[in-house]
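Values below: all heavy atoms of this structure, side chains included; hydrogens, waters and symmetry mates excluded.
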Amino acid sequence: MNGLTDLVLRFHDAGVECLVIGGMAAVYHGAPIVTRDVDFCAPLTQENIARILAAVEGLHPRHFTRPDLPVIANEPEQLRGFKNLYLRTDVGKIDVLGEVPGVGSYDQIKDRAIVIEVEGVRLRVLDIDTLIAAKTFAGRARDHLAISHLEQIRKRTKPG
């Protein structure tokens with residue numbers, strides 16, 4: 001198992017309320033792309049932040065955008081009010097977004113998830129249409145290849 005899948009499974013095992021989005025979602029849909037982080041969309045309530053911190057316990061989580069800050073302690077209240085969390089850990093980088101730009105907040109997209117089995121675990125992953133919409137909105141060069149692959153997968157897997 002690679003580090004990124006380990007992070008996804010840790011979130012699952014800790015009971016984090018979230019959807020896998022971004023490059024890992026594309027990979028789980030079958031896109032042959034490489035990604036260097038795991039992106040989640042999740043509500044950043046104190047309860048869910050506590051679960052996120054439990055998921056990364058022992059992995060020395062730090063703020064990705066502020067590596068000068070110390071390791072994040074398992075104290076959810078220190079992250080109160082955050083809209084997004086950008087973390088780096090011993091096994092990989094994690095972005096936890098309260099909202100997927102161009103698509104919506106967790107509450108708006110949580111019903112657009114499908115369940116995909118990874119390593120014997122059922123994970124909630126953003127559906128292919130919404131993932132394509134998010135990547136189209138982002139419009140980054142690296143997203144164009146993923147969009148192309150996802151559109152081909154959608155054509156092959158859509159009934160009719």
Would you mind reporting whether E117 and L123 have side-chain heavy atoms less than 4.5 Å apart?
-> no
T157 side-chain N/O to I153 backbone N/O, donor-acceptor pair under 3.5 Å = yes
side-chain contact (heavy atoms from CB on, under 4.5 Å) partner of L79, the single match among V96, L53, L44 | L53
How far apart are the closest heavy atoms of A54 and N74, and which atoms are they?
-> N-OD1, 4.5 Å
In this structure, CZ of R142 is separated from CZ of R36 (nearest 0.5 Å) by 7.0 Å
Rounded to the nearest 0.5 Å, what separation is found between the CG atom of L131 and the CD1 atom of I109?
-> 10.0 Å
Any chance you could measure L97, atom CG, to K83, atom NZ, to the nearest 0.5 Å?
-> 13.0 Å
Nearest heavy-atom pair of V125 and A25: which atoms, and what distance?
-> CG1-CB, 3.6 Å
Group every Ile, Leu, Val, Met, Phe, Trp and Tyr by side-chain heavy-atom contacts under 4.5 Å, then state whether L87 and L7 land in the same group.
-> yes
Say you draw a straight line from CZ of R124 to CD of E17; how long is it, rounded to the nearest 0.5 Å?
-> 7.0 Å
Note, Y28 side chain near T5 side chain (heavy atom, < 4.5 Å) | yes
Test: D129 and K158 ion pair at under 4.0 Å | yes
Tightest non-hydrogen contact, residues F11 and A55, listed as CD1-CB, 3.7 Å
Heavy-atom pair of closest approach, residues D39 and G23 | OD2-N, 4.0 Å
Closest non-hydrogen atoms of N84 and G98, given as atom of the first, atom of the second and distance, are OD1-N, 3.2 Å
Taking the side chain as every heavy atom from C-beta outward, state whether D37 and I94 have any pair of such atoms under 4.5 Å apart.
-> no
State yes or no: do L9 and L4 share one hydrophobic cluster built from I, L, V, M, F, W and Y residues joined by side-chain heavy-atom distances below 4.5 Å, directly or via other members?
-> yes
Is there a path from V56 to V38 through hydrophobic residues (I, L, V, M, F, W, Y) whose side chains come within less than 4.5 Å of each other?
-> yes
With a distance cut-off below 6.0 Å to the six-membered ring centre and an angular limit of 45° from the axis, does K93 pair with F64 as a cation-pi contact?
-> yes
R112/I128 under side-chain contact (heavy atoms from CB on, under 4.5 Å): CA gap, chis, key distance, verdict = CA-CA 9 Å; R112 296 189 211 169; I128 201 164; over 6 Å; no
Whether Q108 side chain and S105 backbone form a donor-acceptor pair below 3.5 Å | yes
Check A134 against V100 and note the closest heavy-atom contact, atom names and distance.
-> CB-CG1, 3.6 Å
Check whether the side chains of D127 and T130 place a donor and an acceptor atom closer than 3.5 Å, and report yes or no.
-> yes
Do D143 and R140 sit within salt-bridge range, that is, some charged N less than 4.0 Å from a carboxylate O?
-> yes
To the nearest 0.5 Å, tell me how far I147 CD1 sits from Q152 CD.
-> 12.5 Å
Do the side chains of R80 and Q46 get nearer than 4.5 Å, heavy atoms only?
-> yes
Find the distance between CD (E75) and CD1 (I49) and round it off to the nearest 0.5 Å.
-> 13.0 Å
For the pair Q78 (side chain) and I72 (backbone), establish whether a donor and an acceptor sit closer than 3.5 Å, ignoring hydrogens and angles.
-> no
ILVMFWY cluster, V118 and F40 together (side-chain gap under 4.5 Å) = yes
Quick one: do R88 and D95 satisfy salt bridge (charged side-chain N to carboxylate O under 4.0 Å, His left out)? Show the steps, please.
-> CA-CA 9 Å; R88 65 182 169 97; D95 295 344; over 6 Å; no
Are M24 and V91 connected in a single hydrophobic cluster, I mean Ile/Leu/Val/Met/Phe/Trp/Tyr linked by side-chain heavy atoms less than 4.5 Å apart?
-> yes
